[in-house]
Amino acid sequence: MGLFRDLSWFFRDQWRTYTLALMMLAAVASLNMLIPWLVAQAVDALSQTPLTLSAVEPFLLGLGGAGVTIYALRIGWRRVLFGTAYRLGHRLRKSFYQRLLGQGQAFYAAHNTGDLMAQATNDIDAIEVAAGEGILSGFDGALTFVLVLVMMFAVIDWRLTLVALIPFPVMAWGFQRIGHSIHRYFHQALERFSELNDHTQESMTGIRLTRVMGLESIHGERFDQISEDAARANYAVARSEAMYEPVVFLCMGASMLLTLTYGGYLVVSGSLSVGELTGFTLYLVQLIWPMFAFGWLLNIIERGSAAWKRVDRLLQTPDSIPDEGTHEFTAPRFEVTNLVFAPQAGSPPALDGVSLRLEPGQRLGIAGPTGAGKSLLLQLLMRYWESPDPTMIQLEGRPLNEYRLPSLRGAFAYVPQDPFLFSLTVGENIALYRPDASDDEIMEAARAAAIDQEIEHFPYGLDTPVGERGISLSGGQRQRLAIARALLSKAPILVLDDTLSAVDTRTERRILEQLERHGDNRTVLVVSHRLSALSHCDRIMVLAHGECIESGSHDELLAADGWYARMWTYQQLEADLDAH
């Protein structure tokens with residue numbers, strides 16, 4: 001019952017609705033106790049002579065009234081109890097989503113998307129069932145069991161009741177064994193479902209690459225193996241659950257046999273009437289529900305407990321980027337001093353001794369070979385990663401953690417290397433930062449990103465759906481839509497993280513010219529392997545192995561005859577060869 005203790009915060013908050021539901025359940029259980037007694041009285045009345053309608057009419061009317069009342073109360077408690085359980089699921093998913101929003105890159109580097117999706121759906125469903133059907137089976141089963149025993153002990157015959165309860169300790173022992181196995185197997189089933197979910201998500205995302213490389217059979221075999229493991233784990237759960245019914249029926253059958261044997265002896269000896277034996281057997285039949293309820297309760301509790309451990313572990317995970325600042329973003333004046341950072345503890349630093357100064361309105365270019373730490377530096381400035389020493393990165397003389405996270409993040413219009421488009425229209429994707437933007441403003445941003453002409457040739461213009469993750473668009477079109485989205489946001493800092501790699505040099509020049517014309521004195525951070533995209537920056541820094549090996553203007557770096565000058569010469573030669 002530890003799960004109910006863990007969910008006590010919700011039960012306290014919703015005590016009114018749970019109290020109402022439990023009162024209706026208690027009323028139903030009480031009326032159910034009345035029915036066997038009415039049947040017993042009717043049987044004894046029918047055995048009397050002479051038989052008259054007036055002798056059994058009150059009992060028949062009582063049975064009819066009890067049936068109608070029970071029907072109405074069952075509708076009521078289902079609406080109240082299950083509706084409240086659905087409210088718990090809604091709260092947990094909302095808290096789960098808010099927890100995900102508060103996490104940084106370090107969290108997502110350690111968690112798979114498929115596992116997070118499984119926790120948000122399958123696991124929370126199991127907890128929701130425990131708050132609804134678990135309460136039902138626990139309260140109603142226990143109340144029915146107690147009321148039936150009271151009627152059997154106090155109203156009919158206590159000796160017969162003791163004889164009928166002889167098999168019940170065996171049933172309790174069987175339930176305990178089955179409950180332990182369900183907890184173990186269901187936890188394994190949740191883990192296998194997470195693996196299956198994660199593999200399916202990856203397969204659907206990379207389906208085109210799988211087909212191009214001819215890996216269908218390999219991926220199919222891997223999927224079959226994961227699916228088989230998940231099916232095997234769920235089969236183990238179902239096999240354990242299936243043991244409840246045989247245990248209940250075997251023990252209840254033994255109890256019925258003892259009841260009829262000893263009850264028949266009492267009837268023959270004159271200690272019990274036929275009507276009382278009939279009523280007792282009806283009460284004994286009603287004990288089937290509490291026994292199934294206890295079994296179902298253990299099943300639900302074990303499922304919910306296994307799921308709650310996984311969900312609660314994530315809900316208790318502190319924000320990897322805590323938002324404890326009080327200052328608002330003012331001007332984009334950054335100062336980075338001897339920055340040392342390693343994404344994983346114990347690994348070599350990805351950035352080592354990097355220093356820079358960024359003034360408002362400045363254009364900073366960042367170049368360097370793959371894996372030099374260029375994107376990581378940008379993400380540290382936007383506080384997607386947390387610097388081990390807050391004083392290494394300062395904004396207006398204050399560490400970044402002294403600023404409110406929404407204020408800091410809202411100052412950046414970020415276009416990553418792999419831009420993400422939602423399953424919306426072209427216009428809605430561009431206007432994501434500014435949903436109230438007019439079509440003219442959207443097209444102006446599209447023009448600045450050199451995507452306006454292609455939008456005009458789309459079937460429905462701005463209203464053209466882009467598909468999941470922009471699957472209907474080319475890589476260059478996705479990148480330019482993301483650039484248009486960033487330009488429309490009017491954020492004071494524009495960050496382009498190698499976003500021009502999927503466009504040709506002519507389109508690149510057009511985009512850069514538009515940025516020069518429509519920059520609105522923004523501070524611009526540009527990361528690019530194509531050095532022509534950096535040539536108009538006020539300052540360029542070159543990173544290699546996490547260190548800044550060169551820094552200066554475009555002309556200064558060319559004169560220095562270092563990595564930048566050699567790469568510029570190579571790229572210009574390559575461009576000349578392509579032109580001819």
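In what follows, every heavy atom counts, from backbone to side chain, and hydrogens, waters and symmetry copies are set aside. Numbers here are sequence positions counted from 1.
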Could you walk me through whether E324 and L405 satisfy the side-chain contact (heavy atoms from CB on, under 4.5 Å) test, starting with their C-alpha distance in whole Å, then the side-chain angles of each, then the deciding distance to 0.1 Å, before giving a yes or no? CA-CA 8 Å; E324 300 173 350; L405 200 56; over 6 Å; no
Begin from the C-alpha positions of S551 and R539 and carry the test side-chain hydrogen bond (donor to acceptor under 3.5 Å, both in side chains) through to its verdict. CA-CA 7 Å; S551 179; R539 187 174 183 81; 2.7 Å; yes
Step by step, work out the side-chain hydrogen bond (donor to acceptor under 3.5 Å, both in side chains) result for S95 and Q98. CA-CA 5 Å; S95 299; Q98 292 298 324; over 6 Å; no
side-chain hydrogen bond (donor to acceptor under 3.5 Å, both in side chains) assessment of Q362 paired with T523: CA-CA 5 Å; Q362 186 179 14; T523 300; over 6 Å; no
Assess the residue pair D497 and S375 against the criterion (side-chain hydrogen bond (donor to acceptor under 3.5 Å, both in side chains)); give the C-alpha distance rounded to whole Å, side-chain angles, the decisive distance to 0.1 Å, and a yes or no. CA-CA 7 Å; D497 188 2; S375 298; 2.8 Å; yes
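Inter-residue side-chain proximity for N429 and F422 is flagged as met; some heavy-atom pair is nearer than 4.5 Å. Within the 4.5 Å cutoff, no side-chain heavy atoms of V526 are placed close to those of R363. In this structure the side chain of Y564 never reaches within 4.5 angstrom of the side chain of T569, judged on heavy atoms. For the pair R333/L358, no side-chain contact is recorded, criterion being any heavy-atom separation below 4.5 Å from C-beta on. Contact annotation: the side chain of D323 never approaches that of I321 to less than 4.5 Å [non-hydrogen atoms, C-beta and beyond]. P349 places none of its side-chain heavy atoms less than 4.5 Å from the side chain of F341. Considering only heavy atoms from C-beta on, N338 stays 4.5 Å or farther from V354 through its side chain. With a 4.5 Å cut-off on side-chain heavy atoms, L380 and L339 count as touching.
Heavy-atom neighbours of H545 NE2 from other residues, nucleotides or ligands within 6.0 Å: at or below the threshold of 12. Summarising the local packing, CZ of F420 is surrounded by more than 12 heavy atoms from other residues, nucleotides or ligands at distances under 6.0 Å.
The CD1 atom of I430 lies 7.5 Å from the CD1 atom of I451; values are rounded to the nearest 0.5 Å. Interatomic distance, CG of L424 versus CG of L432, reported as 7.5 Å (0.5 Å rounding). For the atom pair E386 CD and N401 CG, the distance stands at 6.0 Å (nearest 0.5 Å). Distance check: H457 NE2 to I455 CD1 gives 12.0 Å after rounding to the nearest 0.5 Å. In this structure, L487 CG and R480 CZ are separated by 13.0 Å, a value rounded to the nearest 0.5 Å. In this structure, CG in L531 is found 7.0 Å from CE in M567, a value given to the nearest 0.5 Å.
Relative ring orientation between F412 and F334 is described as tilted, the plane-to-plane angle lying within the 30° to 60° band.
Among all heavy-atom pairs drawn from S489 and A413, the shortest one is OG-CB, 3.3 Å. Here the closest heavy-atom approach between residue A342 and residue P348 is recorded as CB-O, 3.8 Å. Considering all non-hydrogen atoms of both residues, A411 and P492 come closest at O-CD, 3.3 Å. Scanning both residues, P343 and A350, for their nearest heavy atoms gives CD-CB, 3.8 Å. Heavy-atom minimum distance, A372 versus L543: CB-O, 3.3 Å. In plain terms, the two heavy atoms of A85 and A131 that are nearest each other are CB-C, 3.9 Å.
For F458 and Y460, the ring centers sit 6.0 Å or farther from each other.
Between the side chain of R434 and the main chain of R485, no donor-acceptor pair closer than 3.5 Å is present. Using a distance-only test at 3.5 Å, with no hydrogens or angles considered, a donor-acceptor pair links the side chain of E428 to the main chain of T425. Judged by distance alone, with hydrogens and angles left aside, the side-chain atoms of S553 form a donor-acceptor pair with the main-chain N or O of E556 at under 3.5 Å. With hydrogens and angles disregarded, a donor-acceptor distance shorter than 3.5 Å links the side chain of S407 to the backbone of F329. With hydrogens and angles ignored, the 3.5 Å screen pairs a side-chain donor or acceptor of K374 with a backbone N or O of G368. Although no hydrogens or angles enter the test, the distance criterion places a donor-acceptor pair under 3.5 Å between the side chain of E441 and the main chain of S438. Of the possible polar contacts, none joining the E454 side chain to the Q477 backbone as a donor-acceptor pair under 3.5 Å is found.
The residue from Q479, Q417, H529 that alone fulfils the side chain to side chain donor-acceptor pair (under 3.5 Å) condition with D498 is H529. When the options R93, R87, R91 are evaluated for a salt bridge (Lys or Arg N to Asp or Glu O under 4.0 Å) with E128, the one that passes is R93.
Qualifying side chain to side chain contact (heavy atoms under 4.5 Å, CB included) partners for D389, counting only residues two or more places apart in sequence or in other chains: T391, M392. Listed by chain and residue number, R398, E402, Y403 satisfy the side chain to side chain contact (heavy atoms under 4.5 Å, CB included) test with H327 (two or more places apart in sequence, or in another chain).
Salt bridge present: R310 and D123 bring a charged side-chain N and a carboxylate O closer than 4.0 Å. Note on E359 versus R357: salt bridge recorded, some NZ/NE/NH1/NH2 to OD/OE distance being below 4.0 Å.
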